There are 2 protein chains.
Amino acid sequence: MTEPSARPTRAQQRHRTEERILAAARQIFAELGYDRTTIRAVASAAGVDAGLVMHYFGSKDLLFARAVEVPADELPGGTSGEVAEALLTSLGRRLTSEPAASLAVLRSMLTNADAADRYRAAAEPQLNQITEAIPTPDADLRASLLSAIVHGVIAERYLLRLTHLADASPEQIIDLLRPCFQSLTTPPSK
Amino acid sequence: MTEPSARPTRAQQRHRTEERILAAARQIFAELGYDRTTIRAVASAAGVDAGLVMHYFGSKDLLFARAVEVPADELPGGTSGEVAEALLTSLGRRLTSEPAASLAVLRSMLTNADAADRYRAAAEPQLNQITEAIPTPDADLRASLLSAIVHGVIAERYLLRLTHLADASPEQIIDLLRPCFQSLTTPPSK
DNA sequence: TCGTTCAATCAACAAGCGTTGAATGAGAGG
DNA sequence: CCTCTCATTCAACGCTTGTTGATTGAACGA
């Protein structure tokens, strides 16, 4: 008979503390980027000692890796038009909720090689999916442009906080971008 | 009679050294971003002592400010179609030559508040120019999206080096983006 | 020519960083 | 109850960083 809110077992305690550290790490990495985030700051935000963070995660790099690992959301393939619409709804999801983990990657991407690799790794299957759906020889370039647009919009909305982009509703942004995505996924009509 | 290649005067010598430091700073800031760039690395790349960099520029922040100050290139106003085309040629210019100064800003933007302000300050007049040319109530959002696209493409080409984007010719990229820019600068036709 | 200026170097500081190893003290297991 | 485990803390290390002040020596002005 395990009482519901009894004293936690050791394994539970460890797991809770790890999660608390990871949550703090995600938030601070997202706010400050990799370089400016210190292990001491993460530890103090999680209410533990810096040594404990090292003891649990091994190094700052490994902590970053654990903090930002996230299941890449699936992007179903299909015709070019379907992929365009799927990309738009995926963008809409990322414009509605604000996942600290992917913001941490996005902010650290330009200065941390590991974050850049992680970004590429997360982007690659999506890029391939898009590429296959576009029936033109320059499909890979078109897919890369789509990716650049998505991440440019997210970066300027959440990280740079350009006012007009930060205030707009996701639907408004998506509606404005729909013709762009359609023209990039569709071969020249003539 | 000032011989052409005589021993340089003191003022000349100082100016040359300052320029050498600034060039090194631009390159290293562009490669590594603000945080990872050290004054010692800049000094050594310029072939001088780190103390001299401080003596000339006062602080790392001021050095960064001097290194990335750049005359904002003019963007002539006009009809919405003209602005779209002007934006495209401006993008083409930035995809052809590779100005280290603006890459330094771009790379440091997400982690250095000064770089972010600088980016905003450089983008604002262009944004206004674009906004005025678009005859819709959501003109400012459209302008912000155009800016996000431009910088997203540049970032993924030069900083992240996504292969398909890095290899493509500027003309190819511009041709693919033209419909996007036209749809964003033009009110819904129906 | 003499004193001043100033470009340039050198050595050092204080602070902050990631990281380590020993110490503590409370749970787990027999 | 005794022992082992392990979550957690603490103090310290070696290093790098931005920044400073003294110092040198050559160009400059009178």
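Every chain is numbered from 1, with letters handed out A, B, ... down the list of sequences. Source: prediction; values computed, not measured.
- For the contact set between residues 19-28 of chain A and DNA chain C, defined by any heavy atom under 4.0 Å, there are no members.
- Closest approach to the B/Arg14 side chain among C/dA7, C/dG18, D/dT19 is made by C/dA7 (side chain taken as heavy atoms from C-beta onward).
- Partners of A/Thr79 under the side chain to side chain donor-acceptor pair (under 3.5 Å) rule, at least two apart in sequence or in another chain, do not exist in this structure.
- Across residues 56-65 of chain A, A/Ser59, A/Lys60 each have a non-hydrogen atom less than 4.0 Å from an atom of DNA chain C (numbered order).
- In this structure, B/Tyr34 places its OH atom 13 Å from P of D/dT17, rounding to the nearest Å.
- Between B/His55 atom NE2 and C/dA8 atom P the separation is 9 Å, expressed in whole Å.
- Considering all non-hydrogen atoms of both residues, A/Pro170 and A/Thr96 come closest at CG-OG1, 3.9 Å.
- Rounded to whole Å, the distance from CZ on B/Arg36 to C1' on C/dG18 is 13 Å.
- When all heavy atoms of B/Phe29 and B/Ala104 are compared, the closest pair comes out as CB-CB, 3.6 Å.
- Put simply, the side chain of B/Asp138 never gets that close to the backbone of B/Leu141: no donor and acceptor are under 3.5 Å apart.
- Taking side-chain N and O atoms only, B/Thr9 has no distance below 4.0 Å to OP1 or OP2 of D/dA27.
- Annotation: the span from A/Leu145 atom CG to B/Leu162 atom CG amounts to 10.0 Å, rounded to 0.5 Å.
- Considering every non-hydrogen atom in both B/Arg142 and B/Thr186, the closest pair reads NH1-O, 3.3 Å.
- Legend: side chain to side chain donor-acceptor pair (under 3.5 Å) pairs involving residues 61-71 of chain A, not counting sequence neighbours, sorted by first then second residue: A/Tyr34-A/Asp61.
- The interatomic distance linking B/Gln13 (CD) with C/dA7 (P) rounds to 10 Å, in whole Å.
- Smallest separation of non-hydrogen atoms from B/Ser80 and B/Ala133: CB-O, 3.4 Å.
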Protein and nucleotides 10-13 of chain C: nitrogen or oxygen contacts under 3.5 angstrom:
residue: C/dA12; atom: N6; partner: B/Arg40; partner atom: NH2; Å: 3.3

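- Contacts between residues 103-117 of chain A and DNA chain D, defined by a heavy-atom separation below 4.0 Å, involve no residue at all.
- Between the NE2 atom of A/His15 and the P atom of D/dC6 there is a distance of 17 Å, rounded to whole Å.
- For the pair B/Met54 CE and C/dA8 C1', the computed distance is 15 Å after rounding to whole Å.
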Output, in order, the C-alpha distance, side-chain angles, deciding distance and verdict of salt bridge (Lys or Arg N to Asp or Glu O under 4.0 Å) for A/Glu18 and A/Arg14. CA-CA 6 Å; A/Glu18 274 193 358; A/Arg14 155 133 198 182; 3.2 Å; yes
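- With A/Arg26 contributing its side chain and A/Ala67 its backbone, the two residues share a donor-acceptor pair below 3.5 Å.
- Using a 4.0 Å cut-off, no side-chain N or O of A/Arg10 falls inside it from OP1 or OP2 of C/dG27.
- What you find for A/Arg178 and A/Glu85 is that their closest heavy atoms are NH2-OE2, 2.9 Å.
- Across all non-hydrogen atoms, the minimal contact from A/Arg118 to A/Val105 is CD-CG2, 4.4 Å.
- For the residue pair B/Tyr119/A/Glu156, the side-chain donor-acceptor check at 3.5 Å is satisfied.
- Across the protein-nucleic acid pair, A/Arg16 atom CZ and D/dT8 atom C1' stand 16 Å apart, rounded to whole Å.
- Separating the CG atom of B/Asp35 from the P atom of C/dG18 is a distance of 12 Å, rounded to the nearest angstrom.
- Side-chain nitrogen and oxygen atoms of A/Thr38 include none within less than 4.0 Å of the OP1 or OP2 phosphate oxygen of C/dG16.
- Taking 4.5 Å as the limit, every side-chain heavy atom of B/Val150 sits out of range of all side-chain heavy atoms of B/Leu177.
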